2 protein chains.
Amino acid sequence: MATRKAPRQPDTTTPEAQLAEAELHHITGYQLAQASIVTAQLFIEQVGKPFELRPVEFTVLMLIADNPGVSLRQLSRALAMTPPNITMWVDKLVERNLVTRERSATDGRAQHLSTTEAGLALARQSCQVLREAERVALGTALSPAEQALLIELLHKLACCRSED
Amino acid sequence: MATRKAPRQPDTTTPEAQLAEAELHHITGYQLAQASIVTAQLFIEQVGKPFELRPVEFTVLMLIADNPGVSLRQLSRALAMTPPNITMWVDKLVERNLVTRERSATDGRAQHLSTTEAGLALARQSCQVLREAERVALGTALSPAEQALLIELLHKLACCRSED
DNA sequence: TATTGTTATACTCTATAACTATA
DNA sequence: TATAGTTATAGAGTATAACAATA
């Protein structure tokens, strides 16, 4: 009977070094950073190196693909990055003929960004590869339902963002 | 009847700019990055500025506090950082008299790190402040149960890490 | 006057290579 | 030979300030 409810000993140690996390275990920002080590490594190997895309480049390309005509300012806000940095990343995508700039007809200051055919193809393929790679790698620790739940919890958390 | 099960339209747009995430929505690495914007901002305001601690400094200080005698190599592995960087961060903590270095008695190469009284006090206080700040801020979007669940899912994901 | 976007520049953080000392 | 830690240096990524053009 006593073994039915095994005295669960939750693992609260760091990956690799098995250091005690204690109070740190309950800090969401810390756990986000630890989890990001896994996904960042996965991205570099499966998408970054093969497709020559940096994480930000991938995200910017995806957002442009899914939001044709989006402006630099909108990307800046969506990713909480400064305008000069967005300009730099978009520049790199334009130079590779993955994205096109177009002046707005209604507002001479703004620009409309769109993917080229090559850019759209790269977005679709790299995203598919990454999603499949995450499904497999994360599957060793999280069930499909847990993976989906994690996504939704992270999205809810992300929407807490305060304006600037 | 048709209104009972309202056709749920899950929000799959980015914070702030409300851009469509589409496929990107299901990329865990992307959602981790978006969620980190919230916690990073929270950290800077509540701990970073008041206690003059960078995110890595805070984490290193906490791990030393919870693991007296830990080595630089262990910290390096736990945080997936290179030895030179860990050395630099520990240097800063030692210079502020928050951490002490001590040569290992059994292995002349290794060092044992410990917090000073001031270091331990700072670790305890900053962690308490941060945990409370996260509880309140995240509480606008996540229930206490969801916050706890998120921590555990992130920890499981973090433990997927491949050995270098 | 406010907003969009760019240029120039400095700062933060991290990675690599070479080295010392010890096992 | 392998490991723990350091030093020096280069690179990636980001932020700030100043500016041009348009609303």
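We name chains A, B, ... by the order of the sequence lines, and we start the count at 1 in each one. Since we're looking at a predicted model, the values are computed, not measured.
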Do you see a donor-acceptor pair shorter than 3.5 Å between the side chains of H26(B) and Q147(A)? no
Pairwise distance NE2(H155(B)) to OG1(T14(A)) - rounded to 0.5 angstrom: 8.5 Å
In terms of side-chain geometry, is the basic nitrogen of D91(B) or R101(B) positioned less than 4.0 Å from the acidic oxygen of its partner?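 The answer is yes: the pair qualifies as a salt bridge.
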Salt-bridge test for R161(B) and E16(A): reply yes if a basic N is under 4.0 Å from a carboxylate O, no otherwise.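 No, R161(B) and E16(A) are not salt-bridged.
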Where along nucleotides 4-13 of chain C does protein come under 4.0 Å, by heavy atom, of base (B) or sugar-phosphate alone (S), with - for untouched nucleotides? SSBBB---SS
Between N85(B) (CG) and dA8(D) (P), how many Å, whole number? 15 Å
Side-chain hydrophobic cluster, 4.5 Å single linkage: members besides L138(B):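 Reading the cluster by chain and number, L138(B) sits alongside L32(A), V38(A), L42(A), L138(A), L142(A), L149(A), L150(A), L153(A), L154(A), L157(A), L32(B), V38(B), L42(B), L142(B), L149(B), L150(B), L153(B), L154(B), L157(B).
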